[in-house]
Amino acid sequence: MEIRKWKKEDFKQMIELGEKMWKEGVYQNLSFSKKRLENLGETLIKQPERGMGFVAVEDDKIIGMMIVYLSKYFFSDDLFAYDLFLYIDPDKRKSVRVPIKLINTCTDWAKSKGAKEFRPGSSVGVKTDKVEKLYNFMKFKTIGNIFTKEL
């Protein structure tokens, strides 16, 4: 298994994996747009200073992915990083090796860009209790909550 930066050629597989995430998560009441995901990928590929995508590849197949963004705090000029998503193919979740490697790669990337913190979240609603345990195991602190109300 290899972790590497994403390439435009990865978009098709990533979108397919993203659709699995959408079907498995809490956003099923919302529409799914492959075009929107393609546009997001195009934007970030052209602006790597804003964010970066990383993929876990096994036998030429993407089995996991994570996209991380850089931003400034609303009260400071310091940078922090946050994730747009972390998703591992359900067939590859028996081991925590894939998510740990993706998270560590994103953490290292964020640090190399000058981020003071990495603040990943878990809002998709897939295995939330296990995701929290994994981040806590990796020495991340749980802070706050996310709330939602369908309108």
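Here the structure is a predicted model, which is why all the values come from computation and not from measurement. These numbers come from the heavy atoms of this one structure, side chains and all, not from hydrogens, waters or symmetry mates.
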Straight-line distance of [X] [atom1] to [Y] [atom2], nearest 0.5 Å:
X    : Y    : atom1 : atom2 : value
I62  : D10  : CD1   : CG    : 4.0 Å
D91  : I63  : CG    : CD1   : 10.0 Å
K111 : C106 : NZ    : SG    : 15.0 Å
N104 : I3   : CG    : CD1   : 9.5 Å
N39  : K34  : CG    : NZ    : 14.5 Å
L44  : L84  : CG    : CG    : 8.0 Å

Provide the closest heavy-atom pair for [X] versus [Y] in the form atom of the first, atom of the second, distance.
X    : Y   : answer
A56  : V98 : CB-CG1, 3.7 Å
A115 : L70 : CB-CD2, 4.1 Å
F118 : D83 : CE1-N, 4.0 Å

Does the side chain of [Y] come within less than 4.5 Å of [X]'s, by heavy atoms?
X    : Y    : answer
F140 : T107 : yes
K116 : L79  : no
L86  : Y135 : yes
E117 : Y82  : no
I103 : L134 : yes
F85  : M21  : yes
F54  : M65  : no
M52  : K113 : no

Within a 6.0 Å radius of atom CG on D59, are there more than 12 heavy atoms belonging to other residues, nucleotides or ligands?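 It does not: D59 CG has 12 such atoms or fewer within range.
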Just wondering, more than 12 heavy atoms not from F74 lying within 6.0 Å of its CZ?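 No, not enclosed.
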Could you see if L30 belongs to whatever hydrophobic cluster contains L17? Use Ile, Leu, Val, Met, Phe, Trp, Tyr and a side-chain cutoff under 4.5 Å.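 Yes.
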Donor-acceptor contacts under 3.5 Å from residues 122-133 side chains, at least two apart:
from : atom 1 : to   : atom 2 : distance (Å)
S123 : OG     : Y27  : OH     : 3.3
E132 : OE2    : T142 : OG1    : 2.9

Looking at V57, is its backbone amide N or carbonyl O close enough to the side chain of E2 to form a donor-acceptor pair, meaning the two atoms are under 3.5 Å apart?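 Flag not set: sc E2 to bb V57 has no pair under 3.5 Å.
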Enumerate the salt bridge (charged side-chain N to carboxylate O under 4.0 Å, His left out) contacts for residues 35-53, please, sequence neighbours excluded, ordered by first and then second residue. K8-E42, K35-E38
If you take the centroid of each ring, where Trp contributes its six-membered ring, are Y73 and F80 closer together than 6.0 Å?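 Ring-ring flag for F80/Y73: true, centres closer than 6.0 Å.
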Where do Y87 and K20 land on the side-chain contact (heavy atoms from CB on, under 4.5 Å) test, with the steps shown first? CA-CA 9 Å; Y87 187 72; K20 277 187 178 182; 3.7 Å; yes
side-chain contact (heavy atoms from CB on, under 4.5 Å) assessment of I67 paired with W6: CA-CA 9 Å; I67 293 180; W6 65 348; 3.6 Å; yes
Could you walk me through whether E24 and R93 pass the salt bridge (Lys or Arg N to Asp or Glu O under 4.0 Å) test, one step at a time? CA-CA 14 Å; E24 187 178 1; R93 292 186 193 151; 2.8 Å; yes
Specify whether F32 and W22 have parallel, tilted or perpendicular ring planes, treating 30° as the upper limit for parallel and 60° as the lower limit for perpendicular.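 F32 and W22: tilted rings.
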